[in-house]
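For ligands, and for the atoms within them, numbers begin at 1 and follow the listed sequence. All residue numbers in this chain count up from 1 along the given sequence.
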Amino acid sequence: MLALQGASREHTTAFEKLGANVRQVRQPQDLPDLDAIVIPGGESTTISMLLESSNTFDPLAELLANGLPALGTCAGMILLAKEVLDGRPDQRCFGQIDIAVRRNAFGRQVASFETDLDIENLDDPFPGVFIRAPGALALEPSVEVLASVKFDSGEETPVFCRQENVLVTSFHPELTDDLRLHQFFLEHL
Ligand code: GLN
């Protein structure tokens, strides 16, 4: 669990409820022997800056490039993306999933909303909690879009994508009591 900034505690609780062993990662020494990394929601520019100042960005990038499974939620989705369409120039990302993301894709004013999401492979809708959320654009056919949100204009934006063992969501499953996405990630490590 990357625990530099953001909602790492809520994710930790969710994974621990499922019996997973969670280690907080704040510096390069915390990285060896991880089975997976979770990058929580928060502020992607701040997390990027803290990854650099703690010298954690490069070693984590190397692990990811070598196939470390990853879950990124919200800011974590931005950090795992290949391209940030409107990031800050000094903002870095890991490029582990072939999506382009637009920060605050749902508007800065209507900052937060909740909506039931139909997710592929889940029987019942999932409560999607969106907070200044990014929207994704799949750049390669190998990116599976598992859920999307429809704008009033009729346009759709992917909000849950997977490419091999990298999973990203625009929304915050850790802020609900629903553990199905955390379970899904553990099953796809
Ligand atoms: N808008 C934030 C960013 O750009 C993400 C918001 C969130 O993680 N809840 O990093």
Novice: With side-chain hydrogen bond (donor to acceptor under 3.5 Å, both in side chains) as the test, would you mind laying out the steps for Gln27 and Thr56 before giving the verdict?
Specialist: CA-CA 6 Å; Gln27 50 186 358; Thr56 311; over 6 Å; no
Novice: Quick one: does NZ or CZ of Arg132 land under 6.0 Å from the six-membered ring centre of Phe106, within 45 degrees of the ring axis?
Specialist: no
Novice: Using distance alone, determine whether His172 and ligand 1 share an N or O pair under 3.5 Å.
Specialist: yes
Novice: Give, for atom CG of Asp35 and atom CG of Asn165, the distance between the pair rounded to the nearest 0.5 Å.
Specialist: 11.5 Å
Novice: Which class fits the ring pair Phe171 and Phe130: parallel under 30°, tilted 30 to 60°, perpendicular over 60°?
Specialist: tilted
Novice: Please state which protein non-hydrogen atom is closest to atom 4 (O) of ligand 1 and give its distance, to 0.1 Å?
Specialist: Arg103 NE, 2.7 Å
Novice: What residue and atom, counting heavy atoms only, is the protein's closest point to atom 1 (N) of ligand 1, and at what distance?
Specialist: Arg132 O, 3.0 Å
Novice: With a 4.0 Å heavy-atom cut-off (strictly under), which part of Ile78 contacts ligand 1: side chain, backbone, both or neither?
Specialist: side chain
Novice: Given that the side chain starts at C-beta and the backbone is N, CA, C, O, which of these parts of Ile47 lies under 4.0 Å from ligand 1, counting heavy atoms, or is it both or neither?
Specialist: neither
Novice: Given that the side chain starts at C-beta and the backbone is N, CA, C, O, which of these parts of Glu43 lies under 4.0 Å from ligand 1, counting heavy atoms, or is it both or neither?
Specialist: both
Novice: Measure from atom 8 (O) of ligand 1 to every heavy atom in Ala105, Gly6, Cys74, Ser44 and give the option owning the shortest one.
Specialist: Cys74
Novice: May I ask which of Pro134, Gly42, Gly41, Ala7 has a heavy atom nearer to atom 5 (C) of ligand 1 than the others do?
Specialist: Gly42
Novice: Any donor-acceptor pair under 3.5 Å linking the side chain of Ser54 with the backbone of Leu50?
Specialist: yes
Novice: Report yes or no: do Asp30 and Gln24 form a side-chain donor-acceptor pair below 3.5 Å?
Specialist: no
